[in-house]
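Notes follow once the structure below has been shown.
What you are looking at is a predicted structure, and each value in this text was computed from that prediction instead of being measured.
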Amino acid sequence: EADMRALATLLPVPTMLAQVERPGKALVSVEEAGKRGFTLHLRGVTVLSATICALQKTLAAMRSGDDLDATGKDLLPFDQLYAAVGFNDAFAWEAALGPAGP
């Protein structure tokens with residue numbers, strides 16, 4: 001714990017605690033990571049698991065004939081999707097370049 005705090009406080013940049021989740025292994029909580037000086041707390045395996053689960057559910061629905069585009073089921077509205085992935089910023093950049101753009 002002291003080593004983690006020392007590392008996080010010595011570095012002149014924000015620090016991230018990245019943990020690999022696995023069964024039976026205790027993890028440092030978000031609160032504890034903050035107390036140890038970390039500004040970011042990454043649980044990549046959890047994010048990856050949630051992503052794969054969503055992909056599998058979506059593909060199964062599509063495979064069974066569910067028209068997700070028509071129903072909007074489990075989909076973000078396009079404005080939220082575009083904002084989440086940065087399309088709006090890219091479109092604004094293209095517009096600012098004018099006709100000579102990319």
Side-chain angles (χ1 to χ4, degrees):
E1 183 177 328
D3 289 344
M4 293 172 89
R5 187 176 293 110
L7 175 64
T9 56
L10 286 174
L11 296 173
V13 295
T15 54
M16 174 177 66
L17 177 60
Q19 300 180 84
V20 177
E21 302 93 319
R22 54 184 185 246
K25 178 72 174 161
L27 299 174
V28 175
S29 70
V30 173
E31 294 78 18
E32 282 299 314
K35 289 177 185 175
R36 295 176 187 185
F38 291 92
T39 53
L40 299 169
H41 183 260
L42 176 64
R43 300 224 358 231
V45 174
T46 298
V47 172
L48 178 62
S49 178
T51 301
I52 291 171
C53 183
L55 285 170
Q56 288 175 336
K57 287 178 181 179
T58 300
L59 292 173
M62 293 170 80
R63 194 177 304 117
S64 71
D66 192 350
D67 186 355
L68 300 177
D69 291 325
T71 65
K73 177 182 166 189
D74 296 325
L75 297 177
L76 286 175
F78 274 107
D79 61 334
Q80 289 180 26
L81 173 66
Y82 279 25
V85 297
F87 286 166
N88 294 335
D89 294 337
F91 295 152
W93 175 74
E94 288 178 349
L97 291 177

- Message: Which heavy atom of T39 sits nearest to which heavy atom of P14, and what is that distance?
- Response: OG1-CB, 3.2 Å
- What's the spacing between L48 CG and C53 SG if we round to 0.5 Å? 11.5 Å
- Task: Please answer: with hydrophobic residues joined when any side-chain heavy atoms are less than 4.5 Å apart, are L17 and L40 in the same cluster?
- Result: no
- Query: Within the side chain of S49, is there an N or O that forms a donor-acceptor pair under 3.5 Å with the backbone of V45?
  - Reply: no
- Message: Using side-chain contact (heavy atoms from CB on, under 4.5 Å), reason through D74 and K57 one step at a time and then give a plain yes or no.
- Response: CA-CA 9 Å; D74 296 325; K57 287 178 181 179; 5.9 Å; no
- Item | Closest non-hydrogen atom pair between L68 and A61, with its separation | CD2-CB, 4.2 Å
- Task: Locate the shortest heavy-atom distance separating M16 from L42; write the atom from each residue and the value.
- Result: SD-CB, 3.8 Å
- Considering residues, nucleotides and ligands other than F91, do more than 12 of their heavy atoms fall under 6.0 Å from its CZ? yes
- Task: State the CG-OG1 distance between L75 and T58, to the nearest 0.5 angstrom.
- Result: 7.0 Å
- Euclidean distance, R36 CZ relative to T15 OG1, rounded to 0.5 Å: 12.5 Å
- Item | OG-CZ distance between S29 and R43, expressed to the nearest 0.5 angstrom | 9.5 Å
- Item | V85-L76 co-clustered via ILVMFWY side chain contacts under 4.5 Å | yes
- Quick one: side chain to side chain donor-acceptor pair (under 3.5 Å) partners of T46, sequence neighbours excluded? E21
- Results of side chain to side chain donor-acceptor pair (under 3.5 Å) for D66 - residues two or more places apart only: K73
